[in-house]
Amino acid sequence: MTGLLYALGIVLILIGVSISIALHELGHLIPAKKFGVKVTHYMVGFGPTLFSRRRGETEYGIKALPLGGFIAMPGMYPPTHATHTTVAAAHGATDASGIVSEATGGHEDREPAGVGAHADAAGASASVRRAARKPRMFERTMDDAREYSNQFIEPGEEHRTFYALSVPKRLAVMFGGPLVNLLLGILILGIMLLGVGVPTLGTTVSTVSECAVPASEMAERAPADQDRCLPGDQPTPAAEVGIAPGDRVLSIGGKPMETWDDITTEIRGLAGREVEIVVERDGAQVWIPTRIIAAERPVYTDSRELQRDGSGELVTETVGFLGIGPAREYQPIPLTEFPGQIGQALGRTFTALATLPVKLVDIVQVATTDQERDPEGIMGMVGVGRVAGEIVSTDQIDVTGKVVTGLGLLGSLNLFLFAFNMIPLLPLDGGHIAVALYEGARRRINLARGRGVIGPFDTARLLPLTYVVIGLMLCMTVLLVYVDIVKPVMLFQ
């Protein structure tokens, strides 16, 4: 049964990730089609195609590996004639040859007569000089990329290419995907925080201690004796008066109890006194007279860790003690706190992204040495799947806890997908956004200098850098897969 639950957890996270990817690609697809771009493929996943169907001019499909997705738009790498063309800017005037040149499908800004021909010649000359210096491999690769990118452009469809879009429209198409992940992450975390709630210590009793052992004496006991009472141990007040797991504490000494902190604070100040505790049991209120004892208890830090002095000794204090432990409950947070929670989640996401290189170095050390895996470190998809399997199959948390943990995992994953895709490097969405912003700035500068509007930036020139980024991403993927298998992160030991 545990194995089936483990497999179910993996399947559920794969479905969640696949839906996130599919919606990400829809964030690209919808504005692209709205702006008239010809979209030839919409695919979820990579590798062999498992299923596909053509509707109109677009083939929709699912591939074997749910590690990403893509939509294919002609013109991601503009042809050289488009990137080298300079067009006139003066109220319909023609260039020196009497021909109006078109820069980006639909733009008809023109230069004064004679300037266009000179600029084209200079551009061609610079292109020849660059070709002489450029390694043949990259020259051929760039030409192949342009040819492949524009292979589905039919005559007369140049205006339906990606490079023919205005800069704002290109930004809308490329930012649409990451925006969907951002909104999806906020939605999932909203369901978790506002719908189900966060784990809190409520006023319901979960455990009742049988005896009160001084903290200093407990530290000296053998592990086998720490969970049972020994002869001579003092019984706890809760055990003596019959307080039971499932009782909900309503008041102590006439004071209403709203939280577990209220109960703890009140009990600690009642050492040696007899009070009346009112609990709710099976829907009825029960009044229980109780004498609170004084007991030596450990002191905890603000982070709920045991406090120790300079010599490493446990710090203790003598306070009132009842002998009950809280049950974990889930309380929705107030709506006013939600924006702050999302802000903190985004802050953690971008911090994790900024420290990614350092964490990858740690992962390399984990893979090549006996260094232990950091449970707070990064994971690949294999690791995420294993964690999801653990969450579903464990008996250490209840169903509500599993739902909250799973939603938190999927929501955080979507926020990371948003942040990662915004890195301004090709082939990521952020790289295309950066190119569009650069091109927009370049056009404004040329217009301000009276040079007219030039063609789109030749993104094929960035292919060497793109291949480096792809290579690094592949290396990171392989490394994380290896470590996730050999030294996986274990949530529940």
Side-chain angles (χ1 to χ4, degrees), residues 19-44 55-60 68-79 82-83 87 102-109 149-150 152-153 157-187 342 346 349-350 353 414-447 453-460 462 466 469:
I19 291 175
S20 299
I21 294 171
L23 293 176
H24 174 103
E25 298 306 328
L26 277 179
H28 294 308
L29 179 75
I30 292 174
K33 282 187 170 290
K34 181 176 178 61
F35 298 146
V37 178
K38 184 177 183 179
V39 181
T40 59
H41 293 81
Y42 168 91
M43 293 289 169
V44 177
R55 286 198 170 187
E57 62 188 12
T58 306
E59 181 181 356
Y60 300 84
F70 65 93
I71 66 170
M73 299 177 288
M76 295 300 290
Y77 296 105
T83 60
V87 284
E102 186 178 23
T104 56
H107 287 84
E108 291 190 1
D109 300 270
S149 175
N150 297 284
F152 294 107
I153 302 176
E157 288 187 334
E158 289 79 7
H159 65 287
R160 299 192 61 201
T161 59
F162 180 73
Y163 69 79
L165 291 177
S166 64
V167 170
K169 289 181 178 179
R170 262 187 279 175
L171 291 175
V173 171
M174 298 316 301
F175 186 63
L179 178 62
V180 167
N181 286 128
L182 174 61
L183 296 178
L184 193 58
I186 293 174
L187 175 62
I342 293 300
L346 285 171
T349 300
F350 280 103
L353 189 61
N414 270 277
L415 292 185
F416 186 81
L417 287 175
F418 159 72
F420 188 77
N421 273 287
M422 291 304 295
I423 296 176
L425 292 173
L426 292 173
L428 299 173
D429 296 332
H432 292 286
I433 291 172
V435 168
L437 291 174
Y438 167 76
E439 185 173 313
R442 189 178 67 159
R443 287 183 179 180
R444 286 182 177 273
I445 292 172
N446 275 275
L447 283 173
V453 178
I454 60 176
F457 175 75
D458 185 8
T459 48
L462 298 177
T466 302
V469 174

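All values below were derived from every heavy atom in this structure, side-chain atoms included, with hydrogens, water molecules and symmetry-related copies excluded.
Ring geometry for Y42 against Y60 counts as tilted: the plane angle lies between 30° and 60°, on a 0 to 90° scale.
Under the side-chain contact (heavy atoms from CB on, under 4.5 Å) criterion, F416 pairs with T349, L353, F420, sequence neighbours left out. Looking at residues two or more places apart in sequence or on another chain, you find no ring pair (Phe, Tyr, Trp, His ring centres under 6.0 Å) involving F350.
Side-chain contact between P74 and E158 is absent, with no heavy-atom pair separated by less than 4.5 Å. Contact check for L415 versus N181: no side-chain heavy atoms found under the 4.5 Å cut-off. Residues M43 and E25 have side chains not in contact (no heavy-atom distance under 4.5 Å, counting atoms from C-beta outward). The closest side-chain heavy-atom distance from L26 to V180 is not below 4.5 Å.
Here the closest heavy-atom approach between residue P78 and residue T459 is recorded as CD-OG1, 3.5 Å. The two residues V39 and T58 come nearest to each other via the heavy atoms O-OG1, 2.6 Å. The two residues I433 and M174 have their closest heavy-atom pair at CG1-CB, 3.8 Å. Annotation for G75 and I153: closest pair N-CD1, 4.5 Å, computed over non-hydrogen atoms. Residues P456 and R442 share a closest heavy-atom pair of C-NH2, 3.6 Å. Closest approach of V435 to F457, counting heavy atoms only: CG1-CD2, 3.8 Å.
Between K38 and E57 there is no salt bridge, since no side-chain nitrogen of the basic residue lies less than 4.0 Å from a carboxylate oxygen of the acidic one.
Side-chain atoms of H24 and N414 include no donor-acceptor pair closer than 3.5 Å.
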